[in-house]
Amino acid sequence: MTQAAAKHSPLARLADLRLIKARRPVLDGVALEIFAGELLALVGPNGAGKSSALKCLGGIETAWSGRIELKGRRLTDFPAGERARRIAYLPQFFAPHWELSVADLLDIGRQRGLNALGWSAVRPPVPASGDTTDQSSGLLQDLELTGLLDRQFASLSGGERARALLAQALIARPSLLLADEPIASLDPAHQLRTMQYLRRCLTDVASLVVLHDLNLALRFADRIAVMAEGRIVVCGTNEDILASGILTEVFGVRFETYPTPWGRALLPGQDDLG
Amino acid sequence: MTRILGIPTSWLAALVAAVLLSIGFAMMLGPELLGPGRLLDLLRPVASDHPLDRLLFEWRLPRVLTAFMVGGLLGAAGAIFQGIFRNPLADPFLIGTAPGAALGATLALLVPGLALFQAVSPLLLLPILSFLGAFGATLGVLLLARLARVRDTAGLLLAGVAMAAFLGALRSYLMLALADETISLQVVLSWTLGGIQTPFWRELGYVALACLLLLAFARRLAHGLDVLGLGDDVARNMGLPVERFVVMATLLASALVALAVTWGGTIGFVGLIVPHLVRWTLGPRHAPLILTSALVGGILLTLLDGLARSLLPPAEIPLGLLTALIGAPFFMLILARRSRQ
């Protein structure tokens, strides 16, 4: 998929992206290309600027400089509503202030992309009849949410919440999904399942996913971008990343690799300092 | 389940019936209690110059309808403010909006030059100054909280409580300093304690029109308030310009409160209780919440105003006193429920 995708122009492109917060450069010239349909994992040590990069791309941070393009067009040229319909963002922590049901969440997500005043007058274009329901019922089946629609979001288990949020972000059919550690608070089984769900839903959606678990990144991502100190240090296929030895340099720890049925896995070995 | 304006049809039908019943019931209440038969007599299309008929038509009915509208405005404003503050404890009275409006009203009534103008154009000056007071106070709370880097909604509410206390004190001082024999302190006091004014029919028409317009705008905020409730980051990603939206929603909710304060003084707790009751039954989505809160608020205040007129004849009990008697225990109940969760 990667090579086929690489022939086309990128869906999104970041060039020389800079962001300064509290007089500290959080992003220091990020350059990255995301291609249609790929799952691009963003890894790196804490404080590398992964979340900030996502927030710039998702329209949440606005004080950045540099260049962000979506389909060859500057992101700042998009009206907020149009940008919102194309790029969906899953936060690391999500707690709605009201006791919403899963159906409520999906309904709000379906109307993503408001006009500038936040009024509901302008709605996303309604697809031909039947299309929305088919699409969303397919999504709900893929995510096994059909039985949970009437449940309160707050009453769901961690894995169910992750799926509900994923559906909320994807239901309006964005072309790019930004997910900030979508599996951080899940147990290993649910981490694995959520990554499988993610993979299953993303057939025609590109995604940039911040992951802390390098092995899940290696297993599920098409490509991996390694970030450190506000820059993308290396971006490439899993083999490229493993061969480069960059992970040891960035994380400050030596990794042992082990063969597994789905490719190579990493285990942190010796500390460089010790 | 079919819905009209986002409200399940059966609920809407029940609410409309309750509105009519409460208005009919409130028409029977007053220093002179009436039976339902006497009330029905009035509906006959025979012109009557009977003094009681004129009293009912020119005094009681406008008063009852005004109470309904003031309650509706407060209920809807409460729902919007709770959405803006993202806290179910926000109430126009607690967060400084209503005290701000009352300060504006006090200025309109007591400052000599303004009072003169007030005599010329009573329909305009009072609501305008009320609105400026309401909007200034609420925006002040939001800005102060931002300056003080208050991030949680509970802190925001406390900033509102401080603002309310400050404005209340300022208004008391102005009342003492500015009132003289020519200007009745009684009038100003009625704003403090809350009490429904009785407008002429023509004025009532203007107020009703303003209510409908404001509610139509309020309905348009619903989706933005839903999105705001998902948190700032998600709201921004979903295309909501958070700061601008909050200012706009505050502007509109302040206008609702200003109109309510102009005709009913500072009546606390309606904006707190009503959206709560509605949320318990209809859920937290703002489109049905705002409209239903307006209807339920109207019903509640219509009934309470009826009681205020009839419990201690010939005296009237200040309406704000009744709402506080009911509202304060309810507030405690909400707190208890929340801490249990």
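Naming convention: chains lettered A, B, ... in sequence-line order (proteins, then strands); numbering from 1 in each chain.
Looking at every heavy atom in both residues, B:V234 comes nearest to A:P91 through CG2-CG, 3.6 Å. Between B:P88 and B:L272, the closest heavy-atom pair is O-CD1, 3.6 Å.
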Side chain to side chain contact (heavy atoms under 4.5 Å, CB included) for A:N46 and A:H212? Distances and angles first, verdict last. CA-CA 9 Å; A:N46 293 327; A:H212 261 310; 3.1 Å; yes
Intermediate values then yes/no, side chain to side chain donor-acceptor pair (under 3.5 Å), B:T97 and B:T138: CA-CA 5 Å; B:T97 314; B:T138 319; 2.9 Å; yes
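When side chains are defined from C-beta on, A:L39 counts as touching A:S207, because their heavy atoms get closer than 4.5 Å. Between B:V270 and B:V70 the shortest side-chain heavy-atom distance does not fall below 4.5 Å. With a 4.5 Å cut-off on side-chain heavy atoms, B:I95 and B:V141 do not count as touching. Looking only at side-chain heavy atoms (C-beta outward), A:V30 and A:M227 come within less than 4.5 Å of each other. Between B:L225 and B:I84, the closest side-chain pair of non-hydrogen atoms falls below 4.5 Å.
With a 4.5 angstrom heavy-atom cutoff, A:L178 does not touch chain B via any of its atoms. Residue B:N87 touches chain A through its backbone alone, counting heavy-atom pairs closer than 4.5 Å. With a threshold of 4.5 angstrom between heavy atoms, A:F93 does not approach chain B through any atom at all.
A salt bridge (charged side-chain N to carboxylate O under 4.0 Å, His left out) with A:E82 holds for exactly one of A:R73, A:K71, A:R112; it is A:R73.
Of all residues spanning residues 55-69 of chain A, those with a heavy atom less than 4.5 Å away from chain B's heavy atoms are A:K55, A:G58, A:G59, A:I60, arranged by number. Interface residues of residues 274-288 of chain B toward chain A, defined by a heavy-atom distance below 4.5 Å and sorted by number: B:R279, B:P284, B:R285, B:H286.
For the pair A:R161 and A:F94, the cation-pi test (distance below 6.0 Å, angle within 45°) is failed.
Among B:Q82, B:R236, B:R86, the residue making the largest number of heavy-atom pairs under 4.5 Å with chain A is B:R86.
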